[in-house]
Asker: 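Sharing a structure, written as structure tokens. Questions coming.
Along the sequence shown, residues carry numbers from 1.
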Amino acid sequence: MKNQNNHSIYKVFIYTALITFALCVIIPVAWVIMASFKENSEFYNSPWVLPKGFHFQNFADAWKKANMGVYFLNSFIVTVMSIAILLIVAIPASYALSRFDFHGKKFINMLFLSGLFINVSYIVVPIFLMVVDIGDIIGSQVLLNNRFVLSLIYAATALPFSVYLLSGYMRTIPKAYEEAAMIDGCGYSKTMIRVILPMTKPGILTVILFNSLAFWNEYIISLTFMSDDTKKTLPVGLMNLMKAQNAAAEYGRLYAGLVIVMLPTLILYMIVQKKLLSGMNVGGIKG
């Protein structure tokens, strides 16, 4: 009886904590969405009053007049290129580190692990100076205000975490699958593509989700390398919008810009969450 009471108290505590956490997340998001539909005159009333109507002009003004459409496109291009570069490098590296023994493997693993403890904010200036020095050598600063270079830097900074996660995931796959593929005539590349990758899909989706959110919301590196207004990403553009709209008291346009930044990440999470939580479905091995 005492154990049942303790279990009931524990469940009440867990559900209370989860509901409180959910409300702390949902209420600010709902408030921003609600505020994005308000006209400027409505902001001088109670902030909790529902909007009188759906003022979609805020989104149109944020998209066109505040250049959020250009910033959105830049963020989309940079995020997609960063994920592509990251996966092209991280998947083979993780496969080699997790499935093969070779000279220097421990040292390379140690390098990737040490990269997990480096805060990107601390190395932005050295990276910037290095890029500027390369520009001086080639006689042109084409590496600045360059979306591909920004994507390359994003992918490089995310590589330690991605390799750590994927290599750990690949180590859980039985080697019998690879042996069966080798018997069927598959080489290392075909084995990785046809056998390992499908079974590593949940880990790859986790890498894509976490890094997409990080690249989409990244501010410091983008601010450092993108001074051209037509090349800026959404977080940098949103900061410019906040400064401009606070001065002009265009609060509806400001919150519409926040929704534009926030909406893609919410949609991405809703699309990926089931596959992310489903786990790896591995069938039996016929012997």
Asker: For residues Asn145 and Ser227, determine if any side-chain heavy atom of one lies less than 4.5 Å from a side-chain heavy atom of the other.
Answerer: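 SC-SC contact between Asn145 and Ser227 confirmed.
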
Asker: Could you tell me whether the side chain of Leu144 reaches within less than 4.5 Å of the side chain of Phe225, counting heavy atoms only?
Answerer: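 Touching, per the 4.5 Å side-chain cut-off.
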
Asker: Do Met226 and Leu150 pass the side chain to side chain contact (heavy atoms under 4.5 Å, CB included) test, and can you show the C-alpha distance, the side-chain angles, and the key distance before you say yes or no?
Answerer: CA-CA 8 Å; Met226 299 303 216; Leu150 182 63; 3.8 Å; yes

Asker: Should the ring pair Phe54 and Phe56 be called parallel, tilted or perpendicular, given that the plane angle runs from 0 to 90° and is split at 30 and 60?
Answerer: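 Ring orientation, 0 to 90° scale: parallel.
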
Asker: Evaluate whether atom CZ of Arg171 has more than 12 neighbouring non-hydrogen atoms of other residues, nucleotides or ligands under 6.0 angstrom away.
Answerer: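 Yes, CZ of Arg171 has more than 12 neighbouring heavy atoms, counting only those of other groups under 6.0 Å.
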
Asker: Identify all side-chain donor-acceptor contacts of residues 107-129 below 3.5 Å with residues at least two apart in sequence or on another chain.
Answerer:
residue	atom	partner	partner atom	Å
Ser114	OG	Met110	O	3.2
Ser114	OG	Leu111	O	2.6
Asn119	OD1	Ser121	N	2.9
Asn119	OD1	Ser121	OG	3.3

Asker: Checking Ala93 now: which residues fulfil side chain to side chain contact (heavy atoms under 4.5 Å, CB included) with it, not counting sequence neighbours?
Answerer: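 Testing Ala93 for side chain to side chain contact (heavy atoms under 4.5 Å, CB included), a comparison that skips the adjacent residues, returns Val163.
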
Asker: Could you state whether Ile193 and Ile208 fall into the same hydrophobic cluster, counting links through intermediate Ile, Leu, Val, Met, Phe, Trp or Tyr residues with side-chain heavy atoms under 4.5 angstrom apart?
Answerer: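 Yes, it is one cluster - the side chains of Ile193 and Ile208 are joined through contacts under 4.5 Å.
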
Asker: Taking side-chain hydrogen bond (donor to acceptor under 3.5 Å, both in side chains) as the cut-off, I'd like each qualifying pair that reaches into residues 86-96, sequence neighbours left out, listed once.
Answerer: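 Counting only pairs at least two positions apart or across chains, the side-chain hydrogen bond (donor to acceptor under 3.5 Å, both in side chains) contacts touching residues 86-96 are Tyr95-Glu178.
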
Asker: Return the set of residues passing side chain to side chain contact (heavy atoms under 4.5 Å, CB included) with Leu23 (not counting sequence neighbours), or none when no residue passes.
Answerer: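 Here the qualifying residues are Ile19, Ile27.
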
Asker: Could you tell me whether the side chain of Ser75 and the main chain of Thr233 form a donor-acceptor pair under 3.5 Å?
Answerer: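 Not a single qualifying donor-acceptor pair exists.
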
Asker: Should Leu152 and Leu223 be regarded as members of a common hydrophobic cluster, given that ILVMFWY residues are connected when their side-chain heavy atoms come within less than 4.5 Å of each other, either directly or indirectly?
Answerer: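 Each belongs to a different hydrophobic cluster.
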
Asker: Identify every side-chain donor-acceptor pair in residues 133-142 under 3.5 Å, counting partners at least two apart or on other chains, and give the distances.
Answerer:
residue	atom	partner	partner atom	Å
Asp136	OD1	Gln141	NE2	2.9
Gln141	NE2	Val132	O	3.1

Asker: Does Val32 have any side chain to side chain contact (heavy atoms under 4.5 Å, CB included) partners at least two apart in sequence or in another chain, and if so, which?
Answerer: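 Tyr255, Leu258, Val259, Met262.
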
Asker: Count the heavy atoms belonging to other residues, nucleotides or ligands that lie under 6.0 Å from CZ of Phe102, then report whether that count exceeds 12.
Answerer: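 More than 12 within 6.0 Å, yes.
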
Asker: Which pairs, with at least one residue in residues 65-86 and sequence neighbours excluded, count as a ring pair (Phe, Tyr, Trp, His ring centres under 6.0 Å)?
Answerer: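 Qualifying pairs, neighbours excluded: Trp63-Phe72, Phe72-Trp216.
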
Asker: Identify, with sequence neighbours excluded, every residue that meets side chain to side chain contact (heavy atoms under 4.5 Å, CB included) alongside Leu263.
Answerer: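 Counting only residues at least two positions away or on another chain, Leu263 forms a side chain to side chain contact (heavy atoms under 4.5 Å, CB included) with Ile267.
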
Asker: Which residue pairs satisfy the ring pair (Phe, Tyr, Trp, His ring centres under 6.0 Å) criterion with at least one member in residues 134-164, sequence neighbours excluded?
Answerer: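 Sorted result for residues 134-164: Tyr154-Phe215.
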
Asker: Got a sec, which residues hit side chain to side chain donor-acceptor pair (under 3.5 Å) with Gln57, two or more places apart in sequence or on another chain?
Answerer: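 Asp61.
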
Asker: Within the supplied structure, the quantity of interest is the number of heavy atoms (other residues, nucleotides, ligands) at a distance under 6.0 Å from Lys52 NZ; does it exceed 12?
Answerer: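 Open.
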
Asker: Please collect all salt bridge (charged side-chain N to carboxylate O under 4.0 Å, His left out) contacts where either partner lies in residues 214-242, sequence neighbours excluded, each pair once.
Answerer: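 Every pair satisfying salt bridge (charged side-chain N to carboxylate O under 4.0 Å, His left out) with a residue in residues 214-242: Asp229-Lys232.
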
Asker: So does Thr230 get a backbone contact from the side chain of Asn67, meaning a donor-acceptor N/O pair under 3.5 Å?
Answerer: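 Judged by distance alone, no pair lies under 3.5 Å.
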
Asker: Run the side chain to side chain contact (heavy atoms under 4.5 Å, CB included) check on Ile91 and Thr200 step by step: do they pass?
Answerer: CA-CA 10 Å; Ile91 291 174; Thr200 320; over 6 Å; no

Asker: Would you mind telling me which of Asn211, Leu209, Ile204 makes a side-chain contact (heavy atoms from CB on, under 4.5 Å) with Val207?
Answerer: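 Exactly one option meets the side-chain contact (heavy atoms from CB on, under 4.5 Å) with Val207, and it is Asn211.
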
Asker: Has Asn146 got a side-chain atom pairing as donor or acceptor with Val149's backbone, closer than 3.5 angstrom?
Answerer: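 Present.
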
Asker: Mark yes or no for whether Arg99, through its side chain, and Met170, through its backbone, hold a donor-acceptor pair below 3.5 Å.
Answerer: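 Such a contact is found between Arg99 side chain and Met170 backbone.
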
Asker: Got a sec, which residues hit salt bridge (charged side-chain N to carboxylate O under 4.0 Å, His left out) with Lys190, two or more places apart in sequence or on another chain?
Answerer: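 With neighbours one apart ignored, the set is empty.
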
